[in-house]
Amino acid sequence: MLNTLWLGFFITAAISALAQWLLGGQAQVFATMVESLFAMAKLSVEVMVLLFGTLTMWLGFLRIAEKAGIVDALARWLSPLFARLMPEVPRGHPALGLMTLNFAANALGLDNAATPMGLKAMRALQELNPRPDTATNAQILFLVLNASSLTLLPVSIFMYRMQQGAADPTLVFLPILLATSASTLAGLLAVAVVQRLPLWHPVVLAYLLPVALVLGGFMALLTTLSAAALAQLSSLLGNLTLFSLVVMFVLVGAWRKVPVYEAFVEGAREGFDVAKGLLPYLVAMLCAVGVLRTSGALGYALEGIRWCVEAIGMDTRFVDALPTALVKPFSGSAARAMLIETMQTQGVDSFAALAAATIQGSTETTFYVLAVYFGAVGIQRARHAVGCALLAELAGVVAAIAVCYQFFG
């Protein structure tokens with residue numbers, strides 16, 4: 001799938017460049033495309049320098065949390081909920097703890113750190129699968145919740161905004177929180193309808209209802225604030241949450257007699273190994289996206305969408321953020337490249353860049369997750385996993401655009 005997508009970028013760019021040369025007489029387009037290749041390769045290295053630090057730091061703190069028993073405590077706390085939503089998974093099964101780790105990494109915005117944990121969880125669930133080639137209900141629910149990507153603290157998005165010179169990298173904290181909540185809720189409801197999950201069970205309601213009430217009340221409060229107040233609140237909560245988690249991990253680790261420095265270094269070393277493997281993929285996708293943009297192909301596509309949006313009388317500012325949304329279901333690296341490219345061309349704090357950052361933080365790469373997670377355990381029949389995951393992704397994109405108009409419109 002990624003081979004086809006990447007090849008398609010270059011073929012489309014070549015056709016567009018030939019059209020500009022032969023029909024428009026713009027022979028300089030080829031020089032611009034070659035210049036873009038080298039510029040994007042350089043940008044990839046600059047992004048990776050900051051990504052190295054971000055991943056190593058957060059995986060270090062996550063290792064402290066793991067050794068301090070915070071993850072195990074979360075697994076025990078969530079066990080009654082999982083027992084109702086995944087009744088085929090025995091209580092205390094290792095898959096529960098691994099899924100909790102995966103959700104925690106996703107919640108912190110550590111996409112690449114979440115993948116190894118998710119693969120371990122999927123393998124653990126596969127041990128309970130009576131039909132190894134067909135996805136179980138538990139595997140589908142796990143995959144859809146993973147694909148909906150509930151992100152409470154999108155540190156990767158903050159990092160990209162920081163690298164591009166944003167005055168306040170955490171400005172998109174609240175928009176992403178609201179959009180990713182909509183995505184996850186849509187995914188959960190879709191799976192619940194198909195699998196007839198007991199969402200009205202008292203135990204399930206005891207977990208989900210307080211969260212829904214808090215989010216609903218929070219959204220109602222946000223509607224009473226001005227755009228300036230919303231931006232200020234988002235920045236405050238983003239930074240406060242970030243630092244509070246760091247302090248909590250370290251203090252709980254010290255209280256549990258964990259050698260916090262050694263644990264941090266152990267986790268950071270793993271983060272370094274994860275980060276260094278990302279550079280080739282980032283270079284590949286950023287170069288492809290750069291060529292697509294400079295060839296004019298991406299501009300033509302966006303102008304077509306913009307014309308359709310104008311025809312029905314809607315505001316068109318969100319159109320420049322759509323490249324991120326369109327490629328996100330297929331490739332996280334391509335969406336990341338689209339986001340960075342939008343920040344560079346539109347301005348890091350432009351409406352398009354803020355909307356693209358919110359979209360990037362609110363959804364996941366559905367087809368990539370499906371291929372990697374199910375492919376790793378040999379599942380060939382996904383059943384209703386794809387439909388539910390795409391519905392969650394659509395809800396996340398729509399919510400992201402709506403929320404950005406509320407915050408930054």
Side-chain angles (χ1 to χ4, degrees), residues 1-2 4-5 78-79 81-91 93-103 105-106 111 114-150 180-201 203-204 207-208 325-332 335 362-398:
M1 185 177 295
L2 288 180
T4 303
L5 183 67
L78 292 172
S79 182
L81 177 63
F82 281 132
R84 270 71 186 184
L85 298 182
M86 300 179 177
E88 63 266 45
V89 181
R91 293 198 179 205
H93 193 274
L96 298 180
L98 291 168
M99 284 189 288
T100 303
L101 268 175
N102 172 263
F103 292 146
N106 271 327
D111 307 340
T115 300
M117 302 169 191
L119 289 175
K120 291 180 181 178
M122 189 61 74
R123 290 192 185 101
L125 290 173
Q126 183 70 356
E127 295 173 1
L128 305 171
N129 191 350
R131 300 172 61 189
D133 65 333
T134 303
T136 64
N137 284 348
Q139 287 174 317
I140 291 173
L141 178 58
F142 172 60
L143 184 133
V144 171
L145 291 180
N146 199 288
S148 67
S149 186
L150 179 62
T180 192
S181 298
S183 173
T184 301
L185 179 61
L188 176 61
L189 290 177
V191 175
V193 170
V194 176
Q195 297 184 3
R196 299 182 180 179
L197 296 177
L199 293 185
W200 300 111
H201 192 282
V203 173
V204 178
Y207 280 89
L208 300 183
L326 293 175
V327 301
K328 190 67 189 283
F330 304 97
S331 168
S362 64
T363 60
E364 190 48 271
T365 52
T366 297
F367 291 109
Y368 174 79
V369 170
L370 185 78
V372 171
Y373 281 36
F374 281 177
V377 293
I379 287 177
Q380 299 173 4
R381 295 186 59 203
R383 298 172 61 208
H384 50 279
V386 177
C388 293
L390 287 177
L391 181 62
E393 184 141 12
L394 177 62
V397 171
V398 172

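Values in this document were obtained by computation on a predicted structure and should not be read as measured data.
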So which atom in [X] and which in [Y] form the shortest heavy-atom distance, rounded to 0.1 Å?
X	Y	answer
Ile379	Pro132	CG1-O, 3.7 Å
Leu143	Ala385	CD2-CB, 4.2 Å
Thr136	Arg383	C-NH1, 3.7 Å
Ala138	Val89	CB-CG2, 3.9 Å

So, using side chain to side chain contact (heavy atoms under 4.5 Å, CB included) as the criterion, who are the partners of [X] when residues are at least two apart?
X	value
Glu127	His93
Arg131	Asn129, Asp133, Thr134, Arg381
Leu197	Leu85, Leu141, Val191, Ala192, Gln195

Between [atom1] of [X] and [atom2] of [Y], what distance do you get to the nearest 0.5 Å?
X	Y	atom1	atom2	result
Thr180	Leu185	OG1	CG	11.0 Å
Gln139	Gln126	CD	CD	5.0 Å
Leu145	Met99	CG	CE	9.5 Å

Looking at [Y], is its backbone amide N or carbonyl O close enough to the side chain of [X] to form a donor-acceptor pair, meaning the two atoms are under 3.5 Å apart?
X	Y	value
Ser183	Ala395	no
Arg84	Pro198	no
Glu88	Leu128	no

inquiry  = When you compare the side chain of Cys388 with that of Val194, does any pair of heavy atoms fall below 4.5 Å?
reply    = yes
